[in-house]
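Numbers here simply count residues along the sequence, with the first being 1.
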Amino acid sequence: MSKDKLNGTLTSSPNGKVQQNGKLQSNGKVQQQNGKSKVNVNALPPQKSIVIAYILWLFGGILGLHHIYLRRDRHAFVWWCTLGGYFGIGWLFEIFAIPGYVRDANEDPRFIEEFVKKLQHFRKPPYSGRRFVGEVMIGYLFGQLFEMAIPQTIFFGIDFGFLHWLIPVFIALGVWTVGNIGRERGVLWHCLLAAFAAYPVRYFIYDETYTLLISSLAAALVFDHFSKEWLRTPPKRRSTMQRTLTFTGALCIYFSLWGCFLYFNGTISDEDGNEVPIHEAFQNFLASAWWTDIAQALQDTYNYAQHHGWYETWKEIFESMDVDGERNAYKVLGVSATASQAEITSAYRKLSKEFHPDKVKDESQRAAANQRFIEIQQAYSVLSKIKSSRRRKNTKSVEDEPTIVL
């Protein structure tokens with residue numbers, strides 16, 4: 001049984017195996033052509049495991065980890081932006097779709113056979129209500145997010161209201177992203193034209209919510225009717241570095257829009273219940289004494305490192321952290337860092353008698369005295385251990401010194 005070649009991309013061989021670009025797929029081994037060794041460019045991709053896909057779906061599906069594993073980066077990005085298809089709704093429906101995703105990623109012969117049949121029966125991908133709703137929702141989300149990120153007031157003497165005319169661009173990007181998931185594809189400019197054509201309704205409706213929805217619907221309808229087509233060639237296999245850079249860049253743009261929204265248009269409530277713009281609160285924070293002290297400390301640390309080196313700086317920082325509690329213990333007992341064990345013991349006994357809870361008659365002060373008494377006990381214990389450890393080290397170092405016989 002043989003099938004006609006479709007656009008020179010997908011065919012079926014007489015033995016039932018699927019051909020791509022006129023060559024049988026192989027397992028990636030080197031083939032001999034004209035006496036020369038040549039790597040088969042149509043080699044099957046590394047096979048994906050359905051078990052691993054389900055595990056990633058279960059524990060990281062909300063963030064699209066299973067889609068990243070299956071090299072469906074656009075799908076994963078949409079899941080990142082919507083927390084699994086609008087708070088897990090799409091994630092739940094995928095429990096039955098994962099086997100098909102795995103066969104697609106593996107370019108399984110059975111999947112290719114079924115795909116060839118679709119190509120023969122449908123000139124273009126048939127209408128999918130799920131995909132169409134996804135296009136409208138993601139287009140609306142991207143457009144709304146960009147609208148929220150536009151400063152509502154004048155900043156730096158500039159009125160950024162003109163940026164509203166870029167909202168259709170983000171609507172089109174959302175529709176185009178969903179439309180190009182899987183084995184379907186389409187061009188971006190159709191979505192752009194439809195979104196820009198529909199966006200002027202904002203001057204008649206005066207409600208941005210309906211404007212965004214109408215623009216998203218127009219872009220999705222135009223994409224489905226004029227742009228959508230089959231992805232007849234196998235998906236391009238990009239390197240891990242390329243995929244990482246592209247995916248990370250898209251996420252940075254997405255989250256930067258959220259950051260702009262919070263900084264320019266977000267508000268927080270003060271202790272009196274008044275709403276303060278976040279950009280004003282941030283500027284006030286940078287001018288506060290607390291931040292000024294931190295900035296000065298960081299500057300002093302940097303200057304110290306320039307003169308003494310980063311190793312000595314780290315040692316100073318580590319010592320100032322007082323991880324063993326020695327400095328705080330000296331402070332609690334009121335003795336100097338050079339105090340002997342006898343002086344430490346004397347100070348401990350004096351303070352223990354003074355702050356012993358049994359000697360406090362006032363009930364309101366007994367809790368504070370008890371806390372102080374505990375701190376004194378802990379400080380004495382810390383210093384005693386440190387002093388004892390140092391004595392043992394000094395004794396050992398003296399014993400280890402070589403004896404010189406004259």
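Between Lys331 and Glu375 there is no salt bridge, since none of the side-chain N atoms of the basic residue sits less than 4.0 Å from a carboxylate O of the acidic one.
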**OP:** Determine, step by step, whether Trp91 and Trp79 satisfy the ring-ring contact (aromatic ring centres under 6.0 Å, His included) criterion, reporting the C-alpha distance in whole Å, the side-chain angles of both residues, the deciding distance to 0.1 Å, and the verdict.
**Re:** CA-CA 8 Å; Trp91 169 75; Trp79 257 219; 9.9 Å; no
**OP:** Quick one: do His67 and Tyr101 satisfy ring-ring contact (aromatic ring centres under 6.0 Å, His included)? Show the steps, please.
**Re:** CA-CA 8 Å; His67 289 306; Tyr101 294 159; 5.5 Å; yes
**OP:** Begin with the C-alpha distance, continue with both residues' side-chain angles, and end with the deciding distance and a verdict on salt bridge (Lys or Arg N to Asp or Glu O under 4.0 Å) for Arg183 and Glu229.
**Re:** CA-CA 9 Å; Arg183 294 277 178 159; Glu229 60 182 19; over 6 Å; no
**OP:** Take Asp73 and Arg238 through the salt bridge (Lys or Arg N to Asp or Glu O under 4.0 Å) test and state the conclusion after the steps.
**Re:** CA-CA 11 Å; Asp73 295 342; Arg238 297 177 299 166; 3.4 Å; yes
**OP:** Begin with the C-alpha distance, continue with both residues' side-chain angles, and end with the deciding distance and a verdict on side-chain hydrogen bond (donor to acceptor under 3.5 Å, both in side chains) for Asn284 and Glu280.
**Re:** CA-CA 6 Å; Asn284 294 333; Glu280 291 185 8; 5.6 Å; no
Original post:
Does the pair Lys228 and Phe223 meet the rule for a side chain to side chain contact (heavy atoms under 4.5 Å, CB included), with working shown?
Top reply: CA-CA 6 Å; Lys228 185 170 67 172; Phe223 183 87; 4.2 Å; yes
**OP:** Would you please test Leu188 and Leu173 for side chain to side chain contact (heavy atoms under 4.5 Å, CB included) and show each step?
**Re:** CA-CA 7 Å; Leu188 177 62; Leu173 284 172; 4.0 Å; yes
Original post:
Should Phe170 and Phe142 be marked as a ring-ring contact (aromatic ring centres under 6.0 Å, His included) after you check the CA-CA gap, both sets of side-chain angles, and the distance that decides it?
Top reply: CA-CA 5 Å; Phe170 285 83; Phe142 286 8; 7.7 Å; no
Original post:
Stepwise, does the side chain to side chain contact (heavy atoms under 4.5 Å, CB included) test hold for Asn106 with Phe111?
Top reply: CA-CA 9 Å; Asn106 292 336; Phe111 173 84; over 6 Å; no
Subject >> side chain to side chain contact (heavy atoms under 4.5 Å, CB included) evaluation trace for Glu343 with Ser346 >> reply: CA-CA 5 Å; Glu343 292 173 331; Ser346 176; 5.6 Å; no
**OP:** Show your reasoning for whether ring-ring contact (aromatic ring centres under 6.0 Å, His included) applies to Tyr199 and Trp165.
**Re:** CA-CA 8 Å; Tyr199 189 67; Trp165 280 102; 5.4 Å; yes
Subject >> Arg131 and Glu184: CA distance, side-chain angles, deciding distance, salt bridge (Lys or Arg N to Asp or Glu O under 4.0 Å) verdict >> reply: CA-CA 11 Å; Arg131 184 181 288 259; Glu184 299 181 15; 3.3 Å; yes
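Contact between Thr292 and Ala287 at its shortest, heavy atoms only, is OG1-O, 4.2 Å. Of all heavy-atom pairs between Glu135 and Asp224, the closest is OE1-OD1, 3.2 Å. Annotation for Glu107 and Ile112: closest pair O-CG1, 3.9 Å, computed over non-hydrogen atoms. Considering every non-hydrogen atom in both Ala220 and Val136, the closest pair reads CB-CG2, 3.8 Å. When all heavy atoms of Lys48 and Ala105 are compared, the pair lying nearest together is CG-CB, 4.1 Å. Shortest non-hydrogen contact noted between Ser269 and Glu275 is OG-CG, 4.3 Å.
The distance from the CZ atom of Phe132 to the CE atom of Met137 is 12.5 Å, given to the nearest 0.5 Å. Here CG of Leu213 is found 7.0 Å from OH of Tyr140. Values are rounded to the nearest 0.5 Å. For the atom pair Ile171 CD1 and Leu166 CG, the distance stands at 11.5 Å (nearest 0.5 Å).
When Ile376, Val382, Leu383, Leu351 are each tested for a side-chain contact (heavy atoms from CB on, under 4.5 Å) with Val332, only one passes: Ile376. Checked against His279 for a ring pair (Phe, Tyr, Trp, His ring centres under 6.0 Å), the options Phe264, Phe155, Phe261, Phe285 give a single hit: Phe155.
By the 6.0 Å and 45° rule, Arg74 stacks over the aromatic ring of Trp176.
Within 6.0 Å of atom CZ in Phe226, 12 or fewer heavy atoms from other residues, nucleotides or ligands are found, so the atom counts as exposed in its surroundings. The environment of His356 atom NE2 is dense: over 12 non-hydrogen atoms of other residues, nucleotides or ligands sit within 6.0 angstrom. Enclosure of atom CZ in Phe162 by more than 12 non-hydrogen atoms of other residues, nucleotides or ligands within 6.0 angstrom is indicated. Within a 6.0 Å radius of OH in Tyr302, no more than 12 heavy atoms belonging to other residues, nucleotides or ligands are found. The local environment of OH in Tyr127 is crowded, with over 12 non-hydrogen atoms from other residues, nucleotides or ligands closer than 6.0 Å. The local environment of CZ in Phe282 is sparse, with at most 12 non-hydrogen atoms from other residues, nucleotides or ligands closer than 6.0 Å.
Side-chain contact, Asp300 with Gln296: a donor N or O sits under 3.5 Å from an acceptor N or O. Side-chain N/O atoms of Glu312 and Tyr304 include no donor and acceptor closer than 3.5 Å. For the residue pair Glu208 and His164, no side-chain donor N or O sits within less than 3.5 Å of a side-chain acceptor on the partner.
Between the side chain of His307 and the backbone N or O of Asn303 there is at least one donor-acceptor pair closer than 3.5 Å. Side chain of Tyr206 to backbone of Tyr203: a donor-acceptor contact under 3.5 angstrom is found. Checked by atom type and distance alone, the side chain of Asn265 pairs as donor or acceptor with a backbone atom of Met148 at under 3.5 Å. Between the side chain of Ser256 and the main chain of Cys252, a donor-acceptor pair closer than 3.5 Å is present. A donor-acceptor contact shorter than 3.5 Å links the side chain of Thr301 to the backbone of Ala297.
Aromatic ring pairs are classed by plane angle as parallel below 30°, tilted from 30° to 60° and perpendicular above 60°; the pair Tyr254 and Trp258 is perpendicular.
Side-chain atoms of Ile181 and Arg72, non-hydrogen and from C-beta on, do get closer than 4.5 Å to each other. Taking 4.5 Å as the limit, every side-chain heavy atom of Thr82 sits out of range of all side-chain heavy atoms of Phe87. Using a 4.5 Å heavy-atom cutoff, the side chains of Phe373 and Ser352 are in contact.
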